[in-house]
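The structure under discussion appears below in the form of structure tokens.
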Amino acid sequence: MDGGMSKEDSPRRPTFYAWEETPGPSRRLADERPTPPEERAAPPASATLVEGFEDLSVEAEALSFVRAFLETSEQDIAQKMTFLEQLGIIFEAKTVEGFRLFPSDLLIRVVEVLIPWTASGNNLERKTTSETLARICSAVRVLCGYRATTEFPVMGQLVGCLTLCHYDNERMVAYWAARGLHHLYAFAARCRGKSTAEQELLARVLRREGDGEDEEDPLESAMIIPTLFKEVLSPAEVSDLYLTALHGLQETSAQKIHAAVCVEKALRADPAASLGKVREVVIFLHGHLDSFQDRLAHEDLNGILHTLKERHLSEVVHTLLSCSPLCDSSAATLWGMLVSRSCHAEEVLRHLMACLQGQPQKPLLSEEEIATLRLAAAHVLPRILEQPPLSLRLVLQAQWEAACLSLVFWVSHLHRGAPGTTPSHGPERAEDESERLARSSVGTLRRLLEEFRPEELPNDDTIWERLGSADTFHQGVTLLFQALHSLSSEELQHVAAHVMSFLRGHDEHQAVTAMNIFKELLRRAFIPITQEVLRHLTAQLRSPNEDLHSLALDGLLAVADKPEQVWKLLPLLPEVANNLQESDLPNTRRLFSQLQRSLEDISSPALAADAAGHLLPLFDAECYVARNFSIHNFRAMLGRGATRALRDLALRSLAPLLLHLHDESSIVVEACWQTLSTAAILLGHRKLHRLVLIRDKWSTCRIFGKRFRKVAACSFQEQILGHLRSPQVSVREAAIRILGLLGEETRDRRKLEVINRALRGMRSDEQESIRSCAVLAIYALEALPDEDPPARSLRERLRRLCGACCSSA
């Protein structure tokens, strides 16, 4: 028996009235304000422990032994008993004056060493330890009056330890524990400046059990003691008390185990105060679940987890993932309890999917910690999905598409071979581990879809084999989402939201997977096409990743196939055209051909003007296919009517059309001549139309400068200046020459200065032909006389008239 002697032979425990109060400072009146800590007299900083015992050689020797004992690593039972004897010498009532200068850090170390000894199997060791702790508690209570001391870091652990000792089978152990609790309560109440009215209740509870009263329910006070202490302890100290109660579940005494359960239940009722150390509680439950699962009722364990989940679910999930990355049996049991209720199963699943995606809802995590959480979540999901409880099945029925997408992107991450996803056992073993995890995750995905979408999956294993291989993974993704053809609008919105979140991320490999899914959804008209969707597609064209760029262009092709979506795509065409590459030429032709078929159906002049306004910026696109498409369809839009909006657009198009008469592509040049002809007819300029018909480039430019000087000379000049940075050399050279013509015709000296400044800047162009052309234009403008253009024109006419008269004479 744990007590060591029978109930009849054991000495009767002294009653509460037999306790001697440790001498201390005089008590204050109940209504007197406690002296603040900063106003209390503190001991001199130079005082040492030995100086405190300068007249007490025995105590000083005992203190030296205590210090030496704490430094040793190996301690047998004899040394422990000697250590306890020396502490008894120090903490006797007659040495209170010497104890005043006892260092706090040394006292805390002593208590931390003694607390585990209260669970010893040796009755004498437990009795002596509890007696020593009771004397320390008495001295600590006195210490509060002599020092500015309001903190005792081991208070919560000490209260929990003595509470369990109070229910020890050895009566003297229980007696000294009760005495220590009495002193600790008085100390805590005084430190917190609270009333000690409840101290009488605590005394009655301890006295009743000490006198043998209430034999029917001897553990009634196990609920009362922590409830009383909770009022005078800080939240951190109550958390320590709660952890100590959980550790008490490992005791060998059934009575102490029952007391630990009662303390845990009493503190569980106040989660805000008692569960401050969530991580420590979860780690303890996982590490010791097998040892006390039989002692703690299943509903009690569920109650602990339920209390943790109510306010700290995110911390519970992340801690449990960190505790067991491979999801051992204890972790699997705890995960099963976490998802046993529908109200928590949804949030647990959401946290697991976020961790699996590398986006844990916990700030300030390193890349290594995030990789650990991802790996752990990948092991947890298959375990809880093998035989999901009803609560989890209900959640998965509503969110199966999010779980599927999380698994798909996790497999994509594994196929990339990202560092940190597998244990570091060498490259070969890491690669094998990645493949094994990928196959396991694909199997989980298959079970999930067979559970909720069995009618849509093919009977063969083609999809799953391709998903499990890194070389054919994207083909497998395409086949998978082709098979899921009956998604509801709500499910489509969930899928699109998840895919868009990965498109916004920084992982290019997962972005390729997301774009692959997105392209398939667009092609099958699964999701509504919004401006946000189109902006994301266009943004992916700028990606240096060739696969991502190509998939984004395929997505735009899927949008262009739908005539009703053309108006949403037109405003983004300039950005699309500027991000096309030479390798995109076949798909580019397909894209603009599909857009052209949609534009041919436009008959309204208002819609034609709107479309022409979107096509005008494409005249300067780098891709000649885009330039030809825009110019050709711009001409078609001008032919839809003779409205003022279309005339204004025709006037704005003249400058870029004149410049692209010198385009490097003959197809674009021909389109420009045809569009200029249509624009001249629309504007009613017959002479310009005749010059266009005979294909006279420079006369066309000169006549434009004279005809539209008052209407559009300013905007015309600005358009020409903008083309000085064209990537085509022939277009830049044409812009320089046209600027020279404008300089000859302008009468505004400020505009002439702007032209000269722009031409001087072109002398640093990388092409020699451009530099030469700019120098010639500058010389021509500097050689002009100072008269205004009208005067120069009149003088030229007079000279011609005089020359004609002289020749006739």
Discussion item. Would you compute the distance between atom CZ of R589 and atom CD of Q594 and round it to the nearest 0.5 angstrom?
Written reply: 14.0 Å
Fill in: Side chain T333, main chain S329, donor-acceptor under 3.5 Å
yes
Worksheet entry | Donor-acceptor contact present, side-chain S412 to main-chain V408, <3.5 Å | no
Worksheet item: Do you know the tightest heavy-atom contact between L352 and A377?
Response: O-CB, 3.7 Å
Item to complete: Locate the shortest heavy-atom distance separating L537 from A552; write the atom from each residue and the value.
Response: O-CB, 3.5 Å
Fill in: Charged N-O contact under 4.0 Å between E451 and R393
yes
Fill in: Closest heavy-atom pair and its distance - S543, L548
OG-CD2, 3.4 Å
Worksheet entry | side-chain contact (heavy atoms from CB on, under 4.5 Å) between F452 and Q397, worked out | CA-CA 7 Å; F452 298 102; Q397 190 172 1; 3.7 Å; yes
Worksheet item: F629 vs F592 aromatic rings, parallel, tilted or perpendicular, using cut-offs 30° and 60°?
Response: tilted
Item to complete: Output yes when E450 and R447 qualify as a salt bridge under the 4.0 Å nitrogen-oxygen rule, no when they do not.
Response: no
Fill in: Distance-only polar pair, side chains of H549 and D584, donor-acceptor under 3.5 Å
yes
Worksheet entry | Shortest non-hydrogen contact from L591 toward A560 | CD1-CB, 3.7 Å
Worksheet item: Can you list the steps and then say if E347 with R350 is a salt bridge (Lys or Arg N to Asp or Glu O under 4.0 Å)?
Response: CA-CA 5 Å; E347 195 170 354; R350 179 169 56 83; 3.6 Å; yes
Worksheet item: Hey, mind stepping through L585 and L580 against side-chain contact (heavy atoms from CB on, under 4.5 Å) and telling me if it holds?
Response: CA-CA 8 Å; L585 197 56; L580 294 174; over 6 Å; no
Discussion item. Does R446 form a salt bridge (Lys or Arg N to Asp or Glu O under 4.0 Å) with D461? I'd like the steps, not just the answer.
Written reply: CA-CA 10 Å; R446 183 174 187 175; D461 298 333; 2.8 Å; yes
Discussion item. I need the L356 CG to L373 CG distance, nearest 0.5 Å.
Written reply: 11.0 Å
Practice prompt. Could you tell me which non-hydrogen atom of R374 sits nearest to which non-hydrogen atom of W410, and how far apart they are?
Written response: CB-CZ3, 3.7 Å
Worksheet item: Distance only, no hydrogens: is a donor on one side chain within 3.5 Å (strictly under) of an acceptor on the other, for N516 and T478?
Response: yes
Item to complete: Mind listing the closest non-hydrogen atom pair of T244 and Q157 along with its distance?
Response: OG1-CA, 3.5 Å
Discussion item. To the nearest 0.5 Å, what is the distance between OG1 on T538 and CD on E575?
Written reply: 5.5 Å
Discussion item. Counting neighbours of CD on E367 that are heavy atoms of other residues, nucleotides or ligands and sit closer than 6.0 Å, is the number greater than 12?
Written reply: no
Worksheet item: Any donor-acceptor pair under 3.5 Å linking the side chain of H415 with the backbone of L467?
Response: yes
Worksheet item: Judged by atom type as modelled, is there a donor-acceptor pair below 3.5 Å linking the side chain of S440 to the main-chain atoms of L437?
Response: no
Discussion item. If we count only N and O atoms by modelled type, under 3.5 Å, do the side chains of H286 and D328 hold a donor and an acceptor together?
Written reply: yes
Practice prompt. State whether the side chain of T472 and the backbone N or O of Q475 hold a donor-acceptor pair below 3.5 Å, judged by distance alone.
Written response: no
